[in-house]
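Computed over heavy atoms, backbone and side chain alike; hydrogens, waters and symmetry mates excluded. Please read all numbers here as calculations on a predicted model, not as lab measurements.
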Amino acid sequence: MIAGRFPGDWIRERSSVTDTHSAAPVGEDTAPGNDAGHDDAGHDDAGGGVPRSLMGLALAALGVVFGDIGTSPLYALRTVFTIDGGIVKPVPEDVYGVISMMFWSITIIVSIKYVLVLMRADNNGEGGVMALAALARRLYAKRRGGSTIFLIVGIVGVSLFYGDSVITPAVSVLSAVEGLGTAAPTIGHLIVPIAAVILVVLFFVQRFGTGRVGTLFGPVMLLWFVVIAVAGLPLIVQHPGVLQGLSPTWAIAFVFAHPFISFVAMGAVVLVITGAEALYADMGHFGRVPIRRAWFFVVFPALVLNYLGQAALVLEHPEATKDPFFLLFPGWAQLPVVVLATAATVIASQAVISGAFSLTRQAVQLGLLPPLTIRQTSKREGGQIYLPAVNLLLFIGVMAIMLTFRSSASLATAYGVSVTGALVTDTLLLLLVVKPLWQWATWKLVLVAVVFGGLELTFLAGNLSKVLHGGWVPLLIALAVITVMTTWRRGRQLVQQERQEREGPLDAFIEKINTKHLPRVQGVAVFPHPNKDTTPLALRANVEHNHVVHERVIIVSVITANVPHVPHAKAFVRDDLGYTDDGIDHITVKFGFSDDQDLPHALHAACLSEVLDLDPDAMADASYFISRGALRPMHGNRGMVSWRKKLFVGLAHNAADPAARFGLPPQRTVTMGSDVEI
């Protein structure tokens with residue numbers, strides 16, 4: 001048997017700490033679709049916050065949100081003309097058809113579905129498939145079985161996104177550095193080492209926070225979009241006929257004239273919308289309005305101009321299909337553009353890394369992953385976070401993928417499967433939430449299903465043919481993530497069942513203490529616990545084994561609100577648990593997302609505020625008791641098969657330590673509990 005730490009109190013404790021939506025005080029607005037922490041105008045709504053610059057947020061969003069989709073011109077059109085040995089030809093009918101498919105894919109999927117529709121369906125300001133799944137669960141909470149179904153869909157969606165998060169940095173950085181093969185062929189053999197160094201630096205700077213990274217990357221990305229737009233303009237002016245590719249009739253004609261070729265081409269056309277899910281997942285970092293403005297005023301026009309310019313170049317010089325992006329530039333400009341493209345692809349990687357951080361935190365809140373160390377990197381934006389463990393795992397995965405495939409062309413075949421799977425998942429959840437959320441008529445639901453769902457299912461079908469040629473990579477990653485999430489969820493249920501039996505109701509336990517008149521020892525004992533309904537296991541163990549109770553017992557539950565700071569006047573709620581003179585109290589402590597979650601300091605403040613009738617100096621010598629014991633998997637398959645039990649124990653063993661999170665003094669923190677078998 002394998003022993004691990006029993007994730008008793010802290011599993012639920014951490015969930016209640018990080019779940020900003022499940023334990024809101026009465027009267028606080030947590031309605032679906034509202035930003036509880038920041039509004040669309042870029043204002044803090046917590047205690048008289050000052051207006052923030054929309055332009056500044058939009059610029060920062062360029063540096064975090066749009067990197068992935070903004071660097072698609074590097075490889076999207078090139079891949080279309082090289083797929084399956086060049087089945088798509090550089091002739092007007094094919095070129096106009098492909099450009100039309102690209103333009104309308106971006107318009108329908110990104111502009112309409114994600115930017116205009118899905119970004120309204122947020123979960124208290126957070127976006128992404130897990131936030132959408134949580135919103136659906138809340139809207140259908142009273143329907144039997146609905147919660148589990150939405151959770152499963154969310155697990156599949158976020159698992160596919162993790163596959164995208166591993167592939168995007170590798171393919172993006174490689175595609176830019178490979179420009180050296182065009183600009184400086186003599187150093188082409190250094191492409192992979194240079195890309196590796198860039199990725200090492202990228203993952204290292206994550207600890208400084210997305211806000212700081214966005215401030216640094218924003219101007220660079222703005223320059224990138226200006227450059228790619230300017231690069232496409234001259235060729236559009238020289239060949240204005242390419243503008244007819246914006247008409248949907250060319251896409252329709254291409255599909256009907258060459259159904260098989262167009263179907264194959266769809267597998268590469270999808271590359272123009274990579275990053276759409278990351279755009280939605282990163283909404284919590286900057287808010288929807290700055291992202292919308294950056295998209296419609298900068299990103300969308302620049303992408304369209306560049307794709308049209310590449311199309312015009314291919315029509316004039318068919319041999320340019322080997323690298324239409326870099327060949328847009330004169331020879332003297334190619335090397336500087338390679339440098340700029342490399343910077344832009346680093347930013348592309350940032351988009352999915354930030355999205356992975358957001359989705360991971362949401363998965364922790366939903367009980368699908370163990371508690372992880374989450375560092376708040378912004379004093380104003382609750383979505384700006386850093387997860388060291390996720391950062392490390394992504395880095396290992398990205399480096400392994402890049403060193404295995406060693407070229408963006410090889411990775412492009414693996415790219416679309418995870419992207420299209422995530423798109424379909426989002427659309428499915430969207431169809432489920434819009435009717436109760438916005439009271440949409442049935443005809444609108446049908447229109448969404450046909451337009452969004454039909455296009456995305458076509459993309460998915462076109463990419464399934466790539467499974468044997470690299471498409472298995474994101475599917476394997478997704479399968480691993482699904483296994484971890486479902487194992488943790490099931491194991492957590494088993495532990496909680498055992499835990500509830502051992503804890504017992506708190507009111508009955510306190511009544512038993514009061515009737516037995518147990519000896520009281522001097523001092524203050526603090527028991528972190530997620531609720532006031534059940535008994536902290538450490539408290540029960542102390543009474544049953546030592547047959548004493550401290551003079552003062554404080555049971556503490558922690559809630560994190562979706563506002564930056566919570567003033568002391570609103571931070572504490574005390575409950576005497578039915579007895580006014582037994583020295584046992586429950587207190588709920590509410591922190592803002594930018595507050596330091598220091599429990600000793602908070603309890604000292606509660607004494608100063610006279611919420612607790614204690615001398616503040618008494619807290620200086622208080623003892624803290626955390627419930628934790630050994631978690632042991634039993635032989636056999638009761639509850640879960642043996643290998644999943646071992647996996648669960650390993651996950652629990654490596655989860656975040658609540659004592660460190662809440663600033664508990666090591667010399668006055670005691671761990672108590674008994675072994676639990678699952």
Side-chain angles (χ1 to χ4, degrees), residues 58-59 61-63 65-81 90 92 94-112 115 172 175-176 179 218-248 250-251 268-276 279 291-317 320-321 323-330 333-334 336-338 340-341 343-345 347-348:
L59 181 63
L62 284 177
V65 176
F66 296 106
D68 191 0
I69 196 168
T71 54
S72 295
L74 282 167
Y75 48 80
L77 197 64
R78 180 188 68 191
T79 304
V80 170
F81 287 105
D94 288 13
V95 172
Y96 292 151
V98 166
I99 286 298
S100 180
M101 292 167 68
M102 287 182 162
F103 173 75
W104 286 102
S105 295
I106 297 174
T107 300
I108 294 172
I109 301 300
V110 184
S111 295
I112 299 176
V115 177
S172 298
S175 65
V220 175
M221 207 64 199
L222 179 60
L223 175 63
W224 166 258
F225 286 118
V226 170
V227 167
I228 67 173
V230 170
L233 270 174
L235 283 157
I236 297 172
V237 173
Q238 294 173 24
H239 304 281
V242 75
L243 292 171
Q244 62 187 300
L246 300 181
S247 170
W250 281 102
V269 169
V270 71
L271 296 176
V272 303
I273 55 174
T274 58
L279 180 153
I291 292 176
R292 282 176 175 169
R293 293 193 179 185
W295 171 255
F296 284 114
F297 290 121
V298 179
V299 182
F300 188 32
L303 291 176
V304 172
L305 289 173
N306 190 264
Y307 283 127
L308 288 172
Q310 290 189 46
L313 177 66
V314 168
L315 287 172
E316 183 178 357
H317 302 287
T321 54
D323 199 351
F325 177 82
F326 285 108
L327 291 174
L328 277 177
F329 301 89
Q334 287 177 355
V337 171
V338 169
L340 179 60
T345 53
I347 296 166

* Asked: Which heavy atom in Phe326 sits nearest to a heavy atom in Gln334, and how many Å separate them?
  -> O-NE2, 3.5 Å

* **Least distance between heavy atoms, Ser172 atom then Asp68 atom** => OG-OD1, 4.5 Å

* To do: Compare all side-chain heavy atoms of Val269 with those of Val80 and state whether any distance is below 4.5 angstrom.
  => yes

* Return the set of residues passing side-chain contact (heavy atoms from CB on, under 4.5 Å) with Leu223 (not counting sequence neighbours), or none when no residue passes. => Val227, Leu340

* To do: Please name the pair of heavy atoms, one in Val230 and one in Pro234, separated by the smallest distance, quoted to 0.1 Å.
  => O-CD, 2.9 Å

* **Considering all heavy atoms, the nearest Leu59-Pro219 contact** => CD1-N, 3.9 Å

Would you list the atom pairs, donor with acceptor, under 3.5 Å between side chains in residues 306-315 and any protein atom, with sequence neighbours excluded?
{"residue": "Asn306", "atom": "OD1", "partner": "Gln310", "partner atom": "NE2", "Å": "2.7"}
{"residue": "Asn306", "atom": "ND2", "partner": "Ile228", "partner atom": "O", "Å": "3.0"}
{"residue": "Gln310", "atom": "NE2", "partner": "Pro73", "partner atom": "O", "Å": "3.1"}

* Structure fact -> Applied to residues 221-241, the ring pair (Phe, Tyr, Trp, His ring centres under 6.0 Å) test, sequence neighbours excluded, yields Trp224-Phe325

* To do: Output the distance between atom CD1 (Ile109) and atom CH2 (Trp104), rounded to the nearest 0.5 Å.
  => 12.5 Å

* Return each pair, listed once, that meets side-chain hydrogen bond (donor to acceptor under 3.5 Å, both in side chains) where at least one residue sits in residues 293-302; pairs must be two or more places apart or across chains. => Ser111-Trp295

* Structure fact -> Smallest heavy-atom separation, Ser247 atom then Ser100 atom, equals O-OG, 2.7 Å

* Taking atom CZ of Phe297 as the centre, does the number of heavy atoms from other residues, nucleotides or ligands within less than 6.0 Å exceed 12? -> no

* **Derivation of the side chain to side chain contact (heavy atoms under 4.5 Å, CB included) call for Val272 and Phe103** => CA-CA 9 Å; Val272 303; Phe103 173 75; over 6 Å; no

* Asked: Quick one: are Phe300 and Thr107 in side-chain contact, heavy atoms under 4.5 Å?
  -> yes

* Asked: How many angstroms lie between CG in Leu305 and CG in Leu235, if you round to the nearest 0.5 Å?
  -> 11.5 Å

* **Minimum-distance pair of heavy atoms, taken over all atoms of Ala176 and Val338** => O-CG1, 3.7 Å

* Close side-chain approach of Leu77 and Met102, heavy atoms under 4.5 Å -> yes

* **Qualifying residues under side-chain contact (heavy atoms from CB on, under 4.5 Å), relative to Ala294, sequence neighbours excluded** => Ala58, Leu62, Phe66

* Candidate pair Trp250 and Ile99, rule side chain to side chain contact (heavy atoms under 4.5 Å, CB included), full reasoning -> CA-CA 9 Å; Trp250 281 102; Ile99 286 298; over 6 Å; no

* To do: Find the distance between CD1 (Ile273) and CD1 (Ile106) and round it off to the nearest 0.5 Å.
  => 8.5 Å

* **side-chain hydrogen bond (donor to acceptor under 3.5 Å, both in side chains) contacts touching residues 72-81 (sequence neighbours left out)** => Ser72-Thr274, Arg78-Ser408

